[in-house]
Amino acid sequence: MLYLRIISDFFLIALLFFFPFWVPLFFGILFLFYFRNFYEYVIMMFLYDILYGGGGIHLWGIPFILSITSMIIYLAVLLLRDRLILYTK
C-alpha cells in the first residue's frame, strides 16, 4: 500500500507540472477518497499556488485560492468519509 501511495504522489506531481489546475484537483480528490489522510494533496496544491499563482492576477482577487480550496475539500472528504457506506467498519 505504501508503494501505491508513493506512486500516486509522483503521479500527482507530474500532473501539477504538465496539466491545468483542474486535473490535479480532480485526481487529488480521488486520491483523498482512496487513501486515508492523504495530506500530500494540500501540500501539492500549495506548491501549485506558489509555482503558478504567484503573479499579480489572482482568481477572484484571492491569493492562494487553490490552497484554500484544497483545505476545504480535504476537510469535507474527511467528514464525508465517515458517513459513506463504503468506509463503515
Any chain of hydrophobic side-chain contacts (each under 4.5 Å) joining Leu32 to Trp22?
-> yes
pair Met45-Leu25: side-chain heavy atoms closer than 4.5 Å = yes
Qualifying residues under ring-ring contact (aromatic ring centres under 6.0 Å, His included), relative to Phe11, sequence neighbours excluded | Phe27
Nearest heavy-atom neighbours spanning Arg5 and Glu40 | NH2-OE1, 2.9 Å
Spell out, yes or no, whether Leu30 and Phe18 are grouped together once hydrophobic residues are joined by side-chain heavy atoms under 4.5 Å, including indirect joins.
-> yes
Are Phe17 and Val23 joined in one hydrophobic group, where the rule is that I, L, V, M, F, W and Y side chains link up if heavy atoms are under 4.5 Å apart?
-> yes
Heavy-atom check, side chain of Met44 versus side chain of Leu15, under 4.5 Å | no
Do Leu12 and Ile7 belong together in a cluster built from hydrophobic side chains that touch within less than 4.5 Å?
-> no
So the salt bridge (Lys or Arg N to Asp or Glu O under 4.0 Å) pairs with at least one residue in residues 71-80 (sequence neighbours excluded) are none
For the residue pair Leu78 and Asn37, establish whether any side-chain heavy-atom pair is separated by less than 4.5 Å.
-> yes
Is any side-chain heavy atom of Leu4 less than 4.5 Å from a side-chain heavy atom of Phe35?
-> yes
Identify which one of Tyr3, Phe38, Tyr34 satisfies the side-chain contact (heavy atoms from CB on, under 4.5 Å) criterion when paired with Ser8.
-> Phe38
Measure from the side-chain N and O atoms of Tyr41 to the backbone N and O of Ser70, and report whether any donor-acceptor pair falls under 3.5 Å.
-> no
Rounding to 0.5 Å, atoms CG (Leu47) and CG (Leu66) come to a distance of 11.5 Å
